[in-house]
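Shown next, in structure tokens, is the structure this report addresses.
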Amino acid sequence: MEKFSTSGPIKEKNGVFITTYGCQMNVNDTERMFSLLEMSNYTPVTSADQASLIKINSCSVREKPVHKVHSEVGRYRKLKEMNPNLKIGVAGCVAQQEKKRLIADIPLLDFVVGTDAIDQLPELVNKLDREKQVSARFEYQKPYQIETLIRNPGVSTFVNITKGCDNFCTFCVVPFTRGRERSRKAQELIQDIQKLVDRGVKEVTLLGQNVNSYKSECGADFADLLRLVATETNIQRIRYTTSHPKDFNQKLVDIMQEHREKVCEYIHLPVQSGNSQVLDRMNRNYTREEYIQKVKMIERAIPGVVLSTDIIVGFPGETDEQFEDTLSLLDEVSYESIYAFKYSPRPFTKAAQFTDQVDEQIKSERLNRLFAKHDEIARKLCKKYEGQTLEVLVEEVNAEGRAFGRSTQNKVVHFNGTNALVGQTVAVKVIEAFPQTMRGELKN
Ligand code: SAH
Ligand code: SF4
Ligand code: F3S
């Protein structure tokens with residue numbers, strides 16, 4: 001989980017500065033908060049010392065990001081001493097989880113706003129002028145109106161199709177911070193996506209904690225939605241994330257294949273562990289064998305598909321042999337990238353109560369072994385791209401003429417180009433490929 005800094009043009013009055021941790025849901029929520037605050041006379045600024053309102057959009061998926069919130073608030077102490085009118089708030093999943101306790105624990109904080117209360121933000125900020133230290137954690141009343149609230153959608157943008165999660169994997173705090181799963185209406189999504197296209201967007205990523213369990217009021221499931229987005233909008237490229245293996249089915253693969261000119265051949269399919277007993281204790285609802293079967297189904301239908309995954313090491317009770325099963329899965333499934341984490345006990349979750357927690361030292365060793373093994377695999381896998389010509393959607397070109405974009409396989413490609421290329425899909429020949437990025441040459 002990276003930290004993103006989101007900013008905009010500089011003005012002095014009522015500056016708002018937001019830092020964002022965690023997943024794409026938070027990145028989208030930050031955009032939404034900027035939009036709401038802009039309507040309330042705030043202007044995004046590029047650094048904390050220009051702001052009269054500072055917000056930290058927090059993540060609580062693992063312990064590290066939670067610590068970061070506390071240390072970041074501490075860093076603003078000086079600014080607060082210099083400017084007593086400065087307001088500091090925490091939004092996002094830590095806010096939702098800790099609520100008023102956060103205010104009690106951190107005296108520097110003026111407000112917290114939970115993930116369900118973002119729409120109440122302008123009201124909350126007004127209230128701040130009247131009473132010190134407020135918090136909000138109301139239930140969302142209205143569905144998102146994402147279209148109007150994306151400030152500068154750019155070439156590629158994310159669109160929430162669901163909110164929350166009902167899966168209750170035993171390690172995961174998300175069902176507690178994002179609440180029950182709700183799907184947006186298919187027709188509303190189609191309209192919003194077409195409006196984004198009209199504003200210049202070329203690629204959308206449909207976003208949810210488990211997109212495969214999407215269900216519209218009209219009865220459309222995720223595969224139907226994908227077909228609708230492909231056929232009823234003029235969007236050029238469609239991606240989606242995150243898929244839960246238990247809900248990934250043949251119908252979805254068939255629709256991806258049917259609309260392959262628009263739906264990108266890249267799937268993030270978090271496995272979490274390569275051992276069926278561990279998967280069972282994680283409440284993932286699939287076995288190692290079922291997961292591998294689904295991967296084969298995908299590879300049969302979508303030639304050249306690129307897969308990535310999430311893995312947790314040191315889940316409570318994970319033995320050396322069970323961890324070896326995760327290592328050996330890397331030989332069976334060719335992941336071009338992996339996101340791997342040490343298990344971190346989270347509040348409210350079942351696994352935090354398990355009595356067979358794994359030693360930190362062992363978790364670190366397992367993580368290192370996993371990364372070392374995957375590095376070797378990824379370095380070999382990426383070589384196949386050298387000499388290939390990829391279709392790259394150009395996202396940015398800097399002043400020195402260095403361009404970057406993504407291929408349909410979600411590969412980041414750097415090459416020399418001009419500003420006029422932004423938003424265009426161009427053919428780029430790969431000269432040198434690394435696991436994370438590639439260097440290429442524009443083809444005429
Ligand atoms: N909805 C997605 C992932 C959400 S969280 C899914 O179902 O896959 C992103 C990733 O963080 C997870 O896939 C998992 O690998 C990791 N993660 C979640 N909780 C964790 C915990 N308690 N400790 C370590 N990693 C965790
Ligand atoms: Fe968490 Fe599992 Fe839901 Fe993903 S599917 S958000 S890991 S509970
Ligand atoms: Fe973190 Fe919340 Fe996303 S816990 S991963 S920001 S849903």
Side-chain angles (χ1 to χ4, degrees), residues 1-4 19-30 56-66 68-69 90-98 114-116 118 158 160-182 206-214 240-248 267-274 278-279 281-286 291 307-316 318 326 335 337-354 357-358 360 363-364 366-367 370:
M1 299 286 145
E2 291 303 314
K3 183 183 129 179
F4 301 83
T19 48
T20 311
Y21 295 90
C23 66
Q24 204 55 48
M25 311 280 164
N26 265 9
V27 177
N28 263 19
D29 285 350
T30 292
I56 302 162
N57 197 3
S58 62
C59 169
S60 59
V61 78
R62 289 172 295 276
E63 213 165 335
K64 254 193 192 163
V66 178
K68 282 186 186 162
V69 172
V90 173
C93 291
V94 177
Q96 184 78 18
Q97 185 183 301
E98 305 285 322
T115 51
D116 274 333
I118 289 174
F158 288 80
N160 278 92
I161 63 163
T162 63
K163 182 175 186 292
C165 183
D166 290 346
N167 285 319
F168 291 94
C169 301
T170 54
F171 52 80
C172 184
V173 77
V174 171
F176 304 96
T177 61
R178 296 273 164 178
R180 298 288 57 75
E181 186 182 274
R182 274 156 286 174
L206 308 177
L207 195 63
Q209 292 295 353
N210 174 8
V211 288
N212 312 71
S213 63
Y214 172 86
Y240 61 87
T241 196
T242 298
S243 290
H244 194 303
K246 79 175 162 66
D247 297 319
F248 207 104
I267 299 171
H268 182 60
L269 197 62
V271 67
Q272 312 299 356
S273 165
V278 175
L279 288 170
R281 292 189 87 206
M282 287 176 162
N283 192 30
R284 291 291 289 181
N285 283 302
Y286 52 85
Y291 182 91
L307 297 173
S308 62
T309 201
D310 289 350
I311 292 172
I312 295 178
V313 300
F315 183 77
E318 185 189 64
T326 297
Y335 297 115
S337 47
I338 63 166
Y339 303 86
F341 315 98
K342 290 192 274 185
Y343 169 73
S344 159
R346 307 313 307 133
F348 316 117
T349 60
K350 268 199 179 158
Q353 310 297 322
F354 293 173
Q357 300 288 327
V358 173
E360 280 304 309
K363 287 184 201 171
S364 300
R366 288 182 186 167
L367 192 66
L370 184 66

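Just so you know, residue 1 is the first one in the sequence shown, and it goes up from there. As the structure is a computational prediction, the values presented were derived from the model and not from experiment. Quick note: numbers below take in every heavy atom, side chains included, and nothing from hydrogens, waters or symmetry partners. Whatever order the structure lists ligands and atoms in, that order sets their numbers, starting from 1.
- Less than 4.0 angstrom separates some heavy atom of Pro270 from each of these atoms of ligand 1: 8 (O).
- Under a 3.5 Å cut-off, the side chain of Thr309 and the backbone N or O of Val271 do form a donor-acceptor pair.
- Looking at Ser60 and Gln97, their side chains do bring a donor and an acceptor atom within 3.5 Å of each other.
- The closest non-hydrogen atom to atom 9 (C) of ligand 1, taken over Thr242, Asp310, Thr170, Leu269, comes from Asp310.
- Annotation for ligand 3: atoms under 4.0 Å from non-hydrogen atoms of Cys93 are 2 (Fe), 4 (S), 6 (S), 7 (S).
- When each atom of ligand 1 is checked for a heavy atom of Phe171 under 4.0 Å away, the hits are 18 (C), 19 (N), 20 (C), 21 (C), 22 (N).
- By the criterion of a heavy-atom distance under 4.0 Å, the side chain of Arg284, and not its backbone, is placed next to ligand 1.
- Judged purely by distance below 3.5 Å, without hydrogens or angles, the side chains of Thr241 and His268 never pair a donor atom with an acceptor atom.
- For atom 3 (Fe) of ligand 3, the set of nearby N, O or S atoms under 2.8 Å includes one belonging to Cys23.
- Heavy-atom proximity to Asn26, at under 4.0 Å, picks out these atoms of ligand 3: 6 (S).
- For the residue pair Glu181 / Thr162, no side-chain donor-acceptor distance below 3.5 Å is found, with atom types taken as modelled.
- At least one N or O atom of Ser344, backbone or side chain, sits closer than 3.5 Å to an N or O atom of ligand 1.
- If you check the side chains of Asn57 and Asp29, you find no donor sitting under 3.5 Å from an acceptor.
- Closest heavy-atom approach to atom 1 (N) of ligand 1 among the candidates Lys363, His268, Gln209: Gln209.
- The residues Asp116 and Arg178 are annotated as not salt-bridged, no charged nitrogen and carboxylate oxygen being separated by less than 4.0 angstrom.
- Scanning Val61, Val313, Thr309, Val211 for the heavy atom closest to atom 18 (C) of ligand 1 points to Val61.
- Residue Ser60 places a heavy atom under 4.0 Å from ligand 3.
- Between the CG atom in Leu269 and the CG atom in Leu307 there is a gap of 6.5 Å [rounded to 0.5 Å].
- Side-chain polar atoms of Thr30 and Thr20 form a donor-acceptor pair below 3.5 angstrom.
- Ligand-side atoms of ligand 3 in range of Cys59: 1 (Fe), 4 (S), 5 (S), 6 (S), range being under 4.0 angstrom from any heavy atom.
- Among Ile338, Ile312, Val173, Val271, the residue whose heavy atom lies nearest to atom 26 (C) of ligand 1 is Ile312.
- For atom 2 (Fe) of ligand 2, the neighbouring protein N/O/S atoms at less than 2.8 Å, given as residue and atom, are Cys169 SG.
- Which parts of ligand 3 touch Gln209 is read off a 4.0 Å heavy-atom cut-off, strictly below it: atoms 7 (S).
- In this view, Arg366 and Glu318, Asp320 satisfy the salt bridge (charged side-chain N to carboxylate O under 4.0 Å, His left out) rule, not counting sequence neighbours.
- A side-chain hydrogen bond (donor to acceptor under 3.5 Å, both in side chains) with Asp247 is found for one member of Asn210, Asn212, Asn285 and no other, namely Asn210.
- For Phe176 and Phe168, the distance between ring centers is under 6.0 angstrom.
- By the 3.5 Å distance cut-off applied to N or O atoms, Arg62 is counted among the residues near ligand 1.
- Residues Asn167 and Asn283 have side chains that never bring a donor and an acceptor to within less than 3.5 angstrom of each other.
- Counting heavy atoms under 4.0 Å from ligand 1, residue Gln272 touches it through the side chain alone.
- No donor-acceptor pair under 3.5 Å is formed between the side chain of Thr326 and the backbone N or O of Ile311.
- Ligand 1 places these atoms under 4.0 Å from at least one heavy atom of Arg346: 22 (N).
- Taking the six-membered ring where the residue is Trp, Tyr335 and Tyr291 present tilted rings, their angle falling between 30° and 60°.
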